[in-house]
Amino acid sequence: KKYVENQLSQCEYGKLLVVIDNFETIENPAELFVWFDTHIRLPNKVLITSRIKDSRGDYPVKVSGMEIEEFEKLVNSVSAALKIDHLVTKDFINSLYQETGGHPYMAKIMLGEVAKEKGTGSIKRIAAGKDELLTALFERTFNMLSPTAKLVFLTLASWRSIIPTIGVEAIIKTKSEDYHDVEDAIEELHNFSFIEKIKIEKDNSEFLF
């Protein structure tokens, strides 16, 4: 700890930029913020990303959604991967853009719903306010998951690290006497963008996070 404090004030390697992503997920963000604020000295800087509006540094920057052109590229790419590109029209993309404000994660979750329902009619107004939109969308989509998918997601969330697919399957089958189709559950979570997959070409192994 003392070493890091010294580096924050005068880094031996040159200018230091510390990046903390998803600051709201830290166990005690207020305490950590004060610690950084106490020890950081120019030209070194700390960049924090957070969904919490109360987290304001010296130079707050509000990050809005994607531009319509890059949003359309994302939607087309995800739609092709989910094999629903035949359902995604220009009008639908524009409606999705208006509903999500260009937020990529919201769009990916909603495209997962289109894949599940095999139609775009399931996309409807989720919340009146943009501030509650992501939470409402996450809760609604999570409630749509199968029991096994929920179990897999909560297991992965509790580990907070990258886990091999075979390890997840072993954990679920060991902890529960009931039958669980873990492979289908993983695919379900991936389609809804709740998890990501990493494929290792060398031995064809797969990891989840």
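Atoms considered below: every heavy atom in the structure, side chains included; atoms not considered: hydrogens, waters and symmetry mates.
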Indicate yes or no: at least one non-hydrogen side-chain atom of Pro104 is less than 4.5 angstrom from one of Phe71. no
Could you go step by step and tell me if Lys15 and Lys45 meet the side-chain contact (heavy atoms from CB on, under 4.5 Å) rule? CA-CA 8 Å; Lys15 297 177 182 178; Lys45 296 180 180 179; over 6 Å; no
Counting N and O atoms only, with roles assigned by atom type, does the side chain of Glu70 sit under 3.5 Å from a partner on the main chain of Glu67, one being a donor and the other an acceptor? yes
Could you check whether any side-chain N or O of Asn44 sits under 3.5 Å from a backbone N or O of Ile40, counting only pairs where one atom can act as donor and the other as acceptor? no
Are Leu42 and Ile48 connected, step by step, through hydrophobic side chains (Ile, Leu, Val, Met, Phe, Trp, Tyr) whose heavy atoms are closer than 4.5 Å? no
Are Trp35 and Ile20 in one and the same hydrophobic cluster, where Ile, Leu, Val, Met, Phe, Trp and Tyr link if side-chain heavy atoms are under 4.5 Å apart? yes
Would you say Ile163 and Phe209 make side-chain contact, with heavy atoms under 4.5 Å? no
Spell out, as yes or no, whether a donor-acceptor pair under 3.5 Å connects the side chain of Ser9 to the backbone of Asn6. yes
Derivation of the side-chain contact (heavy atoms from CB on, under 4.5 Å) call for Glu69 and Lys73: CA-CA 7 Å; Glu69 292 81 9; Lys73 288 181 181 178; 5.7 Å; no
What heavy-atom pair brings Gln7 and Leu16 nearest, and what distance separates the two atoms? O-CD2, 3.7 Å
In Å and rounded to the nearest 0.5 Å, what is the CD1 to CD distance from Ile84 to Glu113? 11.0 Å
Under a single-linkage definition using a 4.5 Å side-chain heavy-atom cutoff for Ile, Leu, Val, Met, Phe, Trp and Tyr, are Val34 and Leu47 assigned to the same hydrophobic cluster? no
How about Glu72 and Asn76: do any of their side-chain heavy atoms sit closer than 4.5 Å? yes
Pairwise distance NZ(Lys199) to NZ(Lys197) - rounded to 0.5 angstrom: 7.5 Å
Whether over 12 other heavy atoms sit under 6.0 Å from Lys150 NZ: yes
Would you name the heavy atoms of Leu145 and Ala149 that are closest together and state the gap between them? CB-CB, 4.0 Å
Rounding to 0.5 Å, atoms CG (Leu156) and CZ (Phe153) come to a distance of 8.0 Å
Are Ile195 and Phe207 connected in a single hydrophobic cluster, I mean Ile/Leu/Val/Met/Phe/Trp/Tyr linked by side-chain heavy atoms less than 4.5 Å apart? no
For the pair Thr165 (side chain) and Glu206 (backbone), establish whether a donor and an acceptor sit closer than 3.5 Å, ignoring hydrogens and angles. yes
Using side-chain contact (heavy atoms from CB on, under 4.5 Å), reason through Asn22 and Ser50 one step at a time and then give a plain yes or no. CA-CA 5 Å; Asn22 296 325; Ser50 176; over 6 Å; no
According to a hydrophobic-cluster definition based on side-chain heavy atoms being under 4.5 Å apart (Ile, Leu, Val, Met, Phe, Trp, Tyr only), do Phe23 and Leu17 belong together? no
Rounded to the nearest 0.5 Å, how far does OG1 of Thr148 lie from CG of Leu189? 10.0 Å
Is any NZ, NE, NH1 or NH2 atom of the basic residue among Glu187 and Lys116 found under 4.0 Å from an Asp or Glu carboxylate oxygen of the other? no
Which heavy-atom pair separates Leu111 from Ser79 by the least distance, and what is that distance? CD2-OG, 3.9 Å
Enclosure of Glu12 CD (heavy-atom neighbours >12, cutoff 6.0 Å): yes
Drop me the distance from Asn191's CG to Ile186's CD1, to the nearest 0.5 angstrom. 12.0 Å
Does atom CD1 of Ile198 have more than 12 heavy-atom neighbours, drawn from other residues, nucleotides or ligands, at distances under 6.0 Å? yes
Using a 3.5 Å distance criterion without hydrogens, assess whether the side chain of Tyr97 forms a donor-acceptor pair with backbone atoms of Met66. yes
Step by step, would you call Val168 with Leu208 a side-chain contact (heavy atoms from CB on, under 4.5 Å)? CA-CA 9 Å; Val168 176; Leu208 308 173; 4.0 Å; yes
Please round to the nearest 0.5 Å and tell me the distance separating atom CD of Glu188 and atom CG of Asp181. 10.0 Å
Is a side-chain donor or acceptor of Thr100 paired with a backbone partner of Met106 at a separation under 3.5 angstrom? no
Measure the acute angle between the ring planes of Phe194 and Phe142, then classify it against the limits of 30° and 60° as parallel, tilted or perpendicular. tilted
